[in-house]
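Below: one structure, written as structure tokens.
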Amino acid sequence: MSDTYTGIEADATSAPRGRLPRVLQVLPALAAGGVERTAVDVAAGLVAAGVETFVASEGGRLVHDVERAGARHITLPLATKNPFRMRSNVRRLREVIRAEGIELVHARSRAPAWSARAAARAEGLPFVTTYAGTYTENFAGKRYYNGIMAAGDAVIANSHFIAAHVLERYPEARGRLVTIPRGIDIHTFDPTRVSQERVIAIARAWRMPDGLPVVLMPGRLTRWKGQSFLVEALAALGRQDIVCFIVGDDQGRNKYRAELEDKIRHLGLGGVVRIVGHCRDMAAAYMLADVVVAPSLEPEAFGRIPVEAQAMGKPVVATDHGGFRETVLPGETALLVPPGDVPALATAIGDALALDLDTRQAIAARGREHVAAVWTVEHMVASTLDVYRGLMAGR
């Protein structure tokens, strides 16, 4: 699969090769997540190209990654949805633009995007958005609010699924829309680069029992990610000779975590399912897995978990919708199941756990080959920088 470009770049390879600008990326915070990780990766790409670059947010654990990449982080209250504070953020962002010589503003989330567009327009700068989710429209005016993400001079969709979603809701974006698949660092997610010591450290931290097959589900603890769906499927599978690690930050969702823990106990899975929280070394965590499960109940815009798992040579079971349909090879590297179908998920997990060694080795080779062809951070960053160059060339 190749990128589908519409409007500003019909073909990235023949796009105008303008110079790279000094870019300010804006997002609410830098906690763990795909949007945040993409901001870090693009900042690193700009720095590697010799361009001073900036990321503005309220802060979070990935600030260190931004600064380690050589970019500068600017702390601003950009997570606010208060209209008066959002207006104040316009002034703050204009001050940053002037002080740092910013030449292009790139917004990655809705609330800060409203402030960022106003600031960019006031300063006469190009404004880029990344449309990275389907976004709910559960009250009057929400479609208008979401529409800021389709209002950039260039609108980046992080999957073909999202590109189609944007065009359905905001057809006026057609001439400005470019699809750039998200990517992962295949050097980080490379089984040959993960030491045995790192794997042992994760196994000890999680108190992993010896000799049991491992089901791994990474992803922040939120209902739509499907942790409860997975727990129900494991109960239906009926095996006590496996262990499942649910890996991810609850981000303050204490009630949902308590519900999960209650369900695990009620279904008699206390010896099977463990919620282990955030993990800083996911490459090592994947090495422990016999199967990686991505059971999201709502369509993922992209969904990096199956991509990381394939890069690490692991079979995947995922739900059959959204970005997952683009990133896996059904029947080759992954099994897809209908969202919410407990018996189907249980069967697929059982089938994945039963794979023989030769089949696992074939899946590992095919999965890594597949990811390396399209889903790399290098591909994503290069395509994003081409969008920046194209906008600067047109000025």
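Note that these values count all heavy atoms, side chains included, but never hydrogens, waters or copies made by symmetry. The first residue of the sequence shown is numbered 1, and numbering continues consecutively from there.
- For the pair Arg274 and Glu261, the salt-bridge criterion is not met [side-chain N within less than 4.0 Å of a carboxylate O].
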field: Worked verdict on Thr129 versus His106 for side-chain hydrogen bond (donor to acceptor under 3.5 Å, both in side chains)
entry: CA-CA 6 Å; Thr129 58; His106 186 161; over 6 Å; no

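- Between Ile305 atom CD1 and Gln310 atom CD the span is 12.0 Å, to the nearest 0.5 Å.
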**Prompt:** Going through the checks in order, is the side-chain hydrogen bond (donor to acceptor under 3.5 Å, both in side chains) test met by Asp356 and Thr359?
**Reply:** CA-CA 5 Å; Asp356 60 40; Thr359 303; 2.8 Å; yes

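- Shown here are the salt bridge (charged side-chain N to carboxylate O under 4.0 Å, His left out) partners of Arg110, two or more places apart in sequence or in another chain: there are none.
- With contacts defined as side-chain heavy-atom distances shorter than 4.5 Å, the pair Arg174/Arg176 does not qualify.
- The ring-ring contact (aromatic ring centres under 6.0 Å, His included) check on Tyr144 picks up Trp114, with sequence neighbours excluded.
- Clustering of Ile, Leu, Val, Met, Phe, Trp and Tyr side chains at separations under 4.5 Å places Ile97 together with Leu24, Val26, Phe54, Ile74, Leu76, Leu78, Leu93, Val96, Ile102, Val105, Leu125, Phe127.
- Residue Arg91 places its CZ atom among more than 12 non-hydrogen atoms of other residues, nucleotides or ligands, all under 6.0 Å distant.
- Taking 4.0 Å as the cut-off between side-chain N and carboxylate O, Arg94 and Glu123 count as a salt-bridged pair.
- One finds the CD atom of Gln227 at 9.5 Å from the CZ atom of Arg220 (value rounded to the nearest 0.5 Å).
- Nearest heavy-atom pair across Ala294 and Pro306 is CB-CG, 4.0 Å.
- Side-chain atoms of Thr192 and Asp190 form a donor-acceptor pair, as typed in the model, at a separation below 3.5 Å.
- Heavy atoms of other residues, nucleotides or ligands lying less than 6.0 angstrom from NZ of Lys142 number more than 12.
- Using a cutoff of 4.0 Å between basic side-chain nitrogens and carboxylate oxygens, Asp153 and Arg121 are scored as salt-bridged.
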Practice task
Report the C-alpha separation of Met86 and Thr80 in whole Å, then their side-chain angles, then the decisive distance to 0.1 Å, and conclude whether the side chain to side chain contact (heavy atoms under 4.5 Å, CB included) test is met.
Solution key: CA-CA 7 Å; Met86 289 167 68; Thr80 183; 4.3 Å; yes

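- In this view, Arg169 and Glu137, His165 satisfy the side-chain hydrogen bond (donor to acceptor under 3.5 Å, both in side chains) rule, not counting sequence neighbours.
- Nearest heavy-atom pair, Ala154 versus Val387, reported as atom, atom and distance to 0.1 Å: CB-CG1, 3.6 Å.
- Atom-to-atom distance recorded for Ile246:CD1 and Leu260:CG is 6.0 Å, nearest 0.5 angstrom.
- Under a 4.5 Å side-chain heavy-atom criterion applied to ILVMFWY residues, the cluster that includes Val90 comprises that residue alone.
- For the pair Phe161 and His321, the minimum side-chain heavy-atom distance is 4.5 Å or more.
- Members clustered with Leu329: none, using a 4.5 Å side-chain heavy-atom cutoff among hydrophobic residues.
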Requested in this report: Take Asp250 and Arg253 through the salt bridge (charged side-chain N to carboxylate O under 4.0 Å, His left out) test and state the conclusion after the steps.
Outcome: CA-CA 5 Å; Asp250 63 22; Arg253 299 181 185 90; over 6 Å; no

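- A salt bridge does not link Arg92 with Glu95: every distance from a Lys NZ or Arg NE/NH1/NH2 to an Asp or Glu carboxylate oxygen is 4.0 Å or more.
- Salt bridge Asp281/Arg198: present, at least one basic N to carboxylate O contact under 4.0 Å.
- Rounding to the nearest 0.5 Å gives a distance of 7.0 Å between CD1 of Ile349 and CD1 of Ile242.
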Enumerate donor-acceptor pairs with a distance under 3.5 Å from any side-chain N or O in residues 36-45 to protein atoms, sequence neighbours excluded.
{"from": "Arg37", "atom 1": "NH2", "to": "Asp65", "atom 2": "OD2", "distance (Å)": "3.0"}
{"from": "Thr38", "atom 1": "OG1", "to": "Gly34", "atom 2": "O", "distance (Å)": "2.8"}
{"from": "Thr38", "atom 1": "OG1", "to": "Arg182", "atom 2": "NE", "distance (Å)": "3.4"}

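- In this structure, Leu385 and Arg389 have side chains that are in contact, with non-hydrogen atoms separated by less than 4.5 Å.
- Scanning for side-chain hydrogen bond (donor to acceptor under 3.5 Å, both in side chains) contacts around Asp351 gives an empty result, with sequence neighbours left out.
- Taking 4.5 Å as the limit, every side-chain heavy atom of Met217 sits out of range of all side-chain heavy atoms of Val292.
- With rounding to the nearest 0.5 Å, the separation of CG in Leu62 from CG in Leu30 is 6.0 Å.
- Looking at heavy atoms from C-beta onward, Leu353 lies in side-chain contact with Arg239 at the 4.5 angstrom threshold.
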Could you list the donor-acceptor pairs under 3.5 angstrom formed between side-chain atoms of residues 284-291 and any protein atom two or more places apart in sequence or on another chain?
{"from": "Tyr286", "atom 1": "OH", "to": "Glu308", "atom 2": "OE1", "distance (Å)": "2.7"}
{"from": "Asp290", "atom 1": "OD2", "to": "Val214", "atom 2": "N", "distance (Å)": "2.7"}

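- Taking a cutoff of 4.0 Å between a charged side-chain nitrogen and a carboxylate oxygen, Asp249 and Arg61 qualify as a salt bridge.
- A salt bridge does not link Lys225 with Glu298: every distance from a Lys NZ or Arg NE/NH1/NH2 to an Asp or Glu carboxylate oxygen is 4.0 Å or more.
- Side-chain contact between Val155 and Met149: absent, with no pair of heavy atoms (C-beta onward) separated by less than 4.5 Å.
- Note on Val293: it does not cluster hydrophobically with Leu212, by side-chain heavy-atom contacts below 4.5 Å among ILVMFWY residues.
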Can Ser57 and His73 be said to form a side-chain hydrogen bond (donor to acceptor under 3.5 Å, both in side chains), step by step? CA-CA 8 Å; Ser57 80; His73 180 262; 2.8 Å; yes

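- Closest approach of Tyr131 and Thr134 over heavy atoms only: OH-O, 4.4 Å.
- For the pair Val371 and Phe189, the minimum side-chain heavy-atom distance is 4.5 Å or more.
- Remark: the backbone N or O of Pro299 is not paired with any side-chain donor or acceptor of Ser296 at under 3.5 angstrom.
- Closest non-hydrogen pair, Pro21 versus Tyr388, comes out as CD-CB, 3.8 Å.
- Sorted by first and then second residue, the ring-ring contact (aromatic ring centres under 6.0 Å, His included) pairs involving residues 201-237 (not counting sequence neighbours) are Trp206-Phe245.
- A salt bridge links Arg325 and Asp320; the closest N-O separation between the charged side-chain nitrogens and carboxylate oxygens is under 4.0 Å.
- Shown here for Leu20 and Ala49, the closest heavy-atom pair between the two residues is CD1-CB, 3.5 Å.
- By the ring-ring contact (aromatic ring centres under 6.0 Å, His included) test, Tyr256 is found to be paired with no residue, residues two or more places apart in sequence or in another chain being considered.
- For the pair Arg22 and Glu52, the salt-bridge criterion is met [side-chain N within less than 4.0 Å of a carboxylate O].
- Remark: Arg85 pairs with no residue by the side-chain hydrogen bond (donor to acceptor under 3.5 Å, both in side chains) rule, at least two apart or across chains.
- Note that CG of Leu234 is 6.5 Å distant from CG of Leu269, once rounded to the nearest 0.5 Å.
- Residues Asn158 and Pro181 form no side-chain contact, since every pair of their non-hydrogen atoms from C-beta on lies 4.5 Å or further apart.
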